[in-house]
Amino acid sequence: MDRYLVFGHPVRHSKSPFIHTLFARQTQQELEYGLAEPAVDEFAQALRTFFDQEGKGCNVTVPFKEQAFTLVDRLSPRAKRAGAVNTIKLTDDGVLLGDNTDGAGLVADLKSHGVTLADSRILLLGAGGAARGALAPLLAELPSELVIANRTHAKAQQLAAEFCDLGHVTAQTYEQLAGSFDLVINSTSASLQGELPPLAPALIHTDIAIYDMMYGASDTAFISWAKQHGARQTMDGLGMLVEQAAEAFTVWRGIRPGTKQVLRELKRNLGVI
């Protein structure tokens, strides 16, 4: 039976085995999917061992995505742009192909919620790996402007410069932010600590869409804050988790699973519904 894993540290909390088991059942694919939690300095060896023992593919999560980028034989265009790999496939000719499905998963989830990206004004909070992975897929949807805001302004400026060939992308400090945004995406990990990015409440209005890449059994701190200031459409990253997994499954198996029922089952599993 074909074997797949998710590598991370820590990774025991991962819902990837649950998701991919449901995908396999739905598409009648025979595979097994497990967890691997090597020490931070043992990831490269663990990855080699897995594929030497006839592993077919894996997902890679924190803190190994940037390291995986350097360990594969070939990179997809979107992995090159993201500077990180979250999906690896062993091809038929024995090549380790590194891909990044995070941005595609984000865009798919936004669209599933009816969010219009074309000609919209988007604010992306954060300039780390999550933001980098999202930029190219977001810009491919042709927003009128994408603004990056980050606590360290120089990082936002660097990221905007790297992606300016793909569309109208600029960097601003939190204090500079002004005007009306159609969509705000929080790619920072602040919600994991129950903290908030320093966003002015005046930027929130009733017609804005709010997206937090983090998720939990209840509203994240950022979503709760946005609702308190009038945002009517708020979304967390659970749908992105399922959509990026579906994209990875497609890379591996050549068949795209449906995501709606799997997302419902995942919410039940987490006690969200």
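Starting from 1, each residue takes its place in the sequence as its number.
Taking the side chain as every heavy atom from C-beta outward, N150 and P197 never approach each other to under 4.5 Å. Counting heavy atoms from C-beta outward, Q244 and N86 have side chains that approach closer than 4.5 Å. Counting heavy atoms from C-beta on, the side chains of V262 and I19 come closer than 4.5 Å. The shortest side-chain heavy-atom distance between N100 and F69 does not fall under the 4.5 Å cut-off. Contact of the W252 side chain with the T87 side chain is registered, since non-hydrogen atoms from C-beta on lie closer than 4.5 Å. Under the 4.5 Å side-chain criterion, counting only non-hydrogen atoms from C-beta, R151 is not in contact with T188. Side-chain contact check for H9 versus P63: some heavy-atom pair is nearer than 4.5 Å.
Y211 pairs by the ring-ring contact (aromatic ring centres under 6.0 Å, His included) definition with nothing, not counting sequence neighbours.
Ring-centre distance between F43 and F64: below the 6.0 Å cut-off.
In this structure, CE in M213 is found 12.5 Å from OG1 in T220, a value given to the nearest 0.5 Å.
Just one of Q157, R81, R132 meets the side chain to side chain donor-acceptor pair (under 3.5 Å) condition when paired with E162; it is R132.
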Run Q53 and T49 through side-chain hydrogen bond (donor to acceptor under 3.5 Å, both in side chains) and show every step you take.
CA-CA 6 Å; Q53 295 176 350; T49 299; 5.7 Å; no
